[in-house]
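In the text below, chain A, chain B and the rest are named by the order of the sequence lines, each starting its count at 1. Note that this is a predicted model, so its numbers are computed, not measured. These values consider heavy atoms only, across backbone and side chains, with no hydrogens, waters or symmetry-generated copies.
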Protein chains: 4
Amino acid sequence: MLKVGIIGVGSMGTQHFLRLMNKINGAVVTAVSDVNEAHAKEVIAPYPSVRYIPDPVELIHDPEVDAIVIVSIDSTHEEYCLEAIKCQKYIFCEKPLSATAAGAKKVVDAEIAGGKRLIQMGFNRRFDPSYEELKALVVSGRLGEPLVAHCAHRNANYPAQYDDVVAVTGTAIHEIDTMAWLVGDYFTKAQVIFPKRSRHSKNENLHDPMIIILTTSSGMVINCEIWVNCQYAYDIRCEVLCEDGTATLPRPSRVDVCTAQQHFTGMTTDGLGYFAEAYDREFQAWADACNADTYCAGAASAWDGYCAAVTTDACLKSQKSGAVEEIPLTESPDFYK
Amino acid sequence: MLKVGIIGVGSMGTQHFLRLMNKINGAVVTAVSDVNEAHAKEVIAPYPSVRYIPDPVELIHDPEVDAIVIVSIDSTHEEYCLEAIKCQKYIFCEKPLSATAAGAKKVVDAEIAGGKRLIQMGFNRRFDPSYEELKALVVSGRLGEPLVAHCAHRNANYPAQYDDVVAVTGTAIHEIDTMAWLVGDYFTKAQVIFPKRSRHSKNENLHDPMIIILTTSSGMVINCEIWVNCQYAYDIRCEVLCEDGTATLPRPSRVDVCTAQQHFTGMTTDGLGYFAEAYDREFQAWADACNADTYCAGAASAWDGYCAAVTTDACLKSQKSGAVEEIPLTESPDFYK
Amino acid sequence: MLKVGIIGVGSMGTQHFLRLMNKINGAVVTAVSDVNEAHAKEVIAPYPSVRYIPDPVELIHDPEVDAIVIVSIDSTHEEYCLEAIKCQKYIFCEKPLSATAAGAKKVVDAEIAGGKRLIQMGFNRRFDPSYEELKALVVSGRLGEPLVAHCAHRNANYPAQYDDVVAVTGTAIHEIDTMAWLVGDYFTKAQVIFPKRSRHSKNENLHDPMIIILTTSSGMVINCEIWVNCQYAYDIRCEVLCEDGTATLPRPSRVDVCTAQQHFTGMTTDGLGYFAEAYDREFQAWADACNADTYCAGAASAWDGYCAAVTTDACLKSQKSGAVEEIPLTESPDFYK
Amino acid sequence: MLKVGIIGVGSMGTQHFLRLMNKINGAVVTAVSDVNEAHAKEVIAPYPSVRYIPDPVELIHDPEVDAIVIVSIDSTHEEYCLEAIKCQKYIFCEKPLSATAAGAKKVVDAEIAGGKRLIQMGFNRRFDPSYEELKALVVSGRLGEPLVAHCAHRNANYPAQYDDVVAVTGTAIHEIDTMAWLVGDYFTKAQVIFPKRSRHSKNENLHDPMIIILTTSSGMVINCEIWVNCQYAYDIRCEVLCEDGTATLPRPSRVDVCTAQQHFTGMTTDGLGYFAEAYDREFQAWADACNADTYCAGAASAWDGYCAAVTTDACLKSQKSGAVEEIPLTESPDFYK
């Protein structure tokens, strides 16, 4: 039974806490840390066996904690990863690995220096059954070489503090990791294009929607739309164009209704709910791997987290220049193969 | 240029008139008859070359009329068909051929006696591209023998005078002809089942929806739902189960919309509009055949009209008995092959 | 941690065993029984903590077994249920509750006599998210009263021993429980109709496909197709016609592919895999309920198992008579409300 | 009865000839011209009333020709348009209006100088019912302002002479006119992006697929994929992102088939057949307008043809520069409003 400590029980952290307590086989949360003590204590109240530890570093070192889940704010991920690596404890780190590419590199270096693969990044789509089927088909070669992918990441709406930077580091980063994983390649160029802004964009520093054009080392183009105030629902699209055909991510299964001269299916605005099964499978795979004292081969590594950070840096640069920006990446080190 | 006389310019008759004047190549309407003189004159007003002839029989005999379109009330079809057969003029007759199976038999006998195939029944679905594709696939044998079909005929709503009889003779008759044509077989048994009535059924003599189970001479079962107050739209369904797979009639192509947490396509309540393309193709095929002095091989013949009448008679009988009723049909005479 | 004993580790039993060991939170299998000792030992080999107990009755009484999962052959369910009721242990019983309606009644009576709700029937579709959404919509009344449902249960193919009886007691029984649950009603009449037989039916005592027409106490008609050699895939359909619209069960989400002049999605022949998520949720709900020392309110009870048995009896009778047969059911006793 | 002369009876010209003879009401072809005399005579052989006139200019001037259909090779369109304008005869001109933007401007100027709107460009999608529904929805404002459109134009395959130039002037030009019409705006910027080339591209001067990014005067971005060797079918996609939702062009209605573990619909490789209904409606609208001695308001004008030419010029420039190129367009002159 894996004893887990969670750092951060905001909305996503609370979901992860409940998931680990009630759904995941072979894991149990023993300790929780959060800057908001009152809230944290409320979350764990129904579970008397779970302790509240105010200091995250203390939680990381706690002997009743075998593995760490990091869901605190982005700027803290790097520090907690480095601390947990010191203890050689397993880490589940929500994206990003660090707020900067340089910080991500430090974590990668520390993990390599430690000699043991400890970090699993929370890129949950790698565990979504639809993305898995899509990747399996593309990788099989049945449709020939992949040439282009059209992706869209749409959220119903976001608060006013959301801007062009977060649109890349918090949202586009999912497309970036997913597509690198799906086509088994890394990115070499990025360009950001700003269309007319939606009136629903609440921040003058948010160009919404925006289009990001990524090129891989083999020349494949990822044509990616980011639209976080689309109003209508949370909606994720992906079509991969291969030489002999195309493969498209399906929508979730929902009841079809005919009424009032419409044929419709409902959609959700709940992004966490949309990928709920992927989250469950991601954590089960992590718990299983930790219990077997190894890492989960299909999951995103610290290196993947680093690659994502370098790519988002180039996107941010292109937002300012409007030009195509280079992405200084290479193939992954042997340690991560 | 085929000179056409139309008997009946109610809503469907007016559509056929306009279709022949403005869309059909090689045909022109020269005369129109209708019990409502004022309305008929209004319909033809923009077309000065079209004459109004009060007496339908006179219209049939008129030398400037080569071919007759019968869209008058059901009870008159038999008489006008017989009259036009006397003149050996081509006839396009909206269903039914006659109000009774016995009357339909008289028309068939007269046509055979005349020695020339003159009548095309207005079963328009035989000219619908989707039904054509469905039939072609079933007939090809690619999916093996057809075993069962699930059909549904749904109208948004119907006025209070609509009852169990018209539900069969006016609505189910389309499913009957279409399925006999589609599977190339004729019916031997019928059973009508009455589920709970919709509160939208405006007539206590209308069990809406109802289910009609038809069996063909080879044992195939047609499981047919008739629902004329479904409220939501005009909707026609057909799935054919064959030994190695199933084939399903598609919905019409309509724009997909995502908005307000719904993914939807619009539907129409307009039954005449739903099959507009089928009507156009049906009349073009009829005009082409008449201009070539022959009959249209794929269209419904007077014999098909007779078969439909015998089948609807059995359905009406089963509505009263609740039991399985026999349908006294045989293969078609050589004259109609 | 709920300690579970499983009776029967055939293909379905093995899946349940693995599910409980690896996916379900709060439950662990401690003992397994099976007539095939060698096979059972192979299944449990990777799990040294699991004991093999040859005698199912001994397993039921074992002090290290808190709750029983019955996945043995149909004829044994009644006996094991009665035995576990004696011990007042929780029971998860795969359908049917008994091979006969009379036997099912005995189990119901024993459970009532014991004074505690112990049995959860393995009707897994009640835990399928799509069926849940469908039921929620129908029950909400948003579409008005339900009037008719069209259901289809299709398996790719079945071995030669499969006959008309099993088509009802092993297959149609799922539609029966699901629809009674979905519309919150019970059945009063049944009629079975035999269409032309598929050449793929391997048993002359199997009319495949067959159509079962069920009527509920309120007059709703369930028009249900059972087709166990459809060749193409495992496929479950359900459309509910309500007064103001219809609601249709969706297909599973699968990647869309365009290639070789086709637009397609793959389908599975694996019936157990099709509802895998429903099985997981069903067992998690059962384990959670047992751990809370109560029963799962949404799951099928022994009474539901009894109702299914009475209904299948009527279907078997109609297979012979061809007529509409009465189903002697009433509303459920207070004990099961 | 409109008397039509056709210049060019290659594959598309022959389809137009047959359409005008057999489907279009109120028009008849009286004369045909083509560089391949033998072929032209073969095409008209079944229609003795149609004359072959070797010289296109003679055909334009022929007194038995009221209106001209130009389907000859691209480089000749400008000359024949100018000649027909001299005669003040109505013109149906397949795209492009001219091989160059400068040539297109000459035709526009001549038409304006003549004082009468004579030219209808053969941009058939404006008559496609699905595009019409899409435009009506976008224009209605129900979904708010349009912000982005994702378009794809895919052909199964093209011969070796097809290169980057024709991909723009022969293929992308359809997207260009359609989108300008659909959103009621004109383009100001173009950028072409070359992804990895498909191995099915038969010409080293063809980057297939390619992506064209167009910006409109209001800032809307048209993200357009051109892929002419996609192998799988002829496939046209369009999704318009508006502030409150998205609208997507549907696929054509095709029978759904379930067989061999697949759920599929057939697709066509036949581009002319794909839009057959649009062609029919386009020519009927043209014949109706000519017979009423006016122009068809919804159709593409010579100005639209000019706009398309200026836009394709910018795309060709960007193919070489890789950069964003300006498109020197303004709102249309009053003559074309």
Side-chain angles (χ1 to χ4, degrees), chain B residues 1 18-28 128-138 140 142-144 237-266 268 273-274 276-277 280-281 283-285 287-288 291, chain D residues 1 18-28 128-138 140 142-144 237-266 268 273-274 276-277 280-281 283-285 287-288 291:
Chain B
M1 187 64 60
L18 295 172
R19 180 171 279 122
L20 283 160
M21 291 307 284
N22 299 317
K23 283 193 161 180
I24 303 306
N25 183 299
V28 68
D128 177 67
S130 295
Y131 268 113
E132 284 183 350
E133 188 186 357
L134 185 56
K135 178 180 163 72
L137 180 59
V138 170
S140 76
R142 257 186 72 194
L143 298 178
R237 311 270 183 98
C238 184
E239 183 189 22
V240 183
L241 282 56
C242 302
E243 288 174 312
D244 300 306
T246 77
T248 301
L249 196 72
R251 296 174 195 273
S253 278
R254 292 292 300 271
V255 165
D256 283 315
V257 182
C258 289
T259 196
Q261 299 175 47
Q262 287 193 344
H263 170 226
F264 75 87
T265 58
T268 185
Y274 191 97
E277 191 180 353
D280 289 350
R281 300 176 79 220
F283 271 95
Q284 189 65 61
D288 290 349
N291 279 327
Chain D
M1 189 63 60
L18 295 172
R19 181 171 277 122
L20 282 161
M21 292 307 284
N22 300 317
K23 283 195 161 179
I24 302 307
N25 184 298
V28 68
D128 177 66
S130 296
Y131 268 112
E132 284 183 350
E133 188 187 357
L134 185 56
K135 178 180 165 71
L137 180 60
V138 170
S140 76
R142 257 186 71 195
L143 298 178
R237 311 269 183 100
C238 183
E239 183 189 22
V240 182
L241 281 56
C242 301
E243 287 173 312
D244 300 306
T246 76
T248 302
L249 196 73
R251 295 174 196 272
S253 279
R254 292 293 301 271
V255 165
D256 285 314
V257 181
C258 290
T259 197
Q261 299 176 47
Q262 288 193 344
H263 170 225
F264 75 87
T265 57
T268 185
Y274 191 96
E277 191 181 352
D280 289 349
R281 300 176 80 220
F283 271 95
Q284 189 65 62
D288 290 349
N291 280 326

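No other option in Thr259(D), Asp256(D), Leu143(D) has as many heavy-atom pairs under 4.5 Å with chain B as Asp256(D). The choice from Cys242(D), Ser253(D), Gly26(D) that makes the most heavy-atom pairs within less than 4.5 Å of chain B is Ser253(D). Of the listed residues (Gly266(B), Cys258(B), Pro252(B), Gly245(B)), the one with the most heavy-atom contacts under 4.5 Å to chain D is Cys258(B). Counting heavy-atom pairs under 4.5 Å between each of Asn22(B), Asp280(B), Asp244(B) and chain D puts Asn22(B) at the top. By number of non-hydrogen pairs under 4.5 angstrom with chain B, the leading residue of Asp288(D), Leu249(D), Ile24(D), Thr265(D) is Ile24(D). Taking Lys23(D), Arg254(D), Gln284(D) one by one and counting their heavy-atom pairs under 4.5 Å with chain B, the maximum is reached by Arg254(D).
Side chain of Asn25(B) to main chain of Met21(D): a donor-acceptor pair is present (N/O by atom type, distance under 3.5 Å, no hydrogens or angles).
Using a 4.5 Å cut-off between heavy atoms, Arg251(D) contacts chain B through its backbone alone, with no side-chain atom that close. Residue Glu239(B) does not touch chain D at all, counting heavy-atom pairs closer than 4.5 Å. Both the backbone and the side chain of Glu133(B) have a heavy atom closer than 4.5 Å to some heavy atom of chain D. For Leu241(D), no part lies under 4.5 angstrom from a heavy atom of chain B.
When each of Thr248(B), Leu134(B), Leu137(B) is paired with Val257(D), the side-chain contact (heavy atoms from CB on, under 4.5 Å) condition holds for Leu137(B) and for no other.
Nearest approach of Val255(B) to Ser130(D), heavy atoms of both residues: CG2-O, 3.6 Å.
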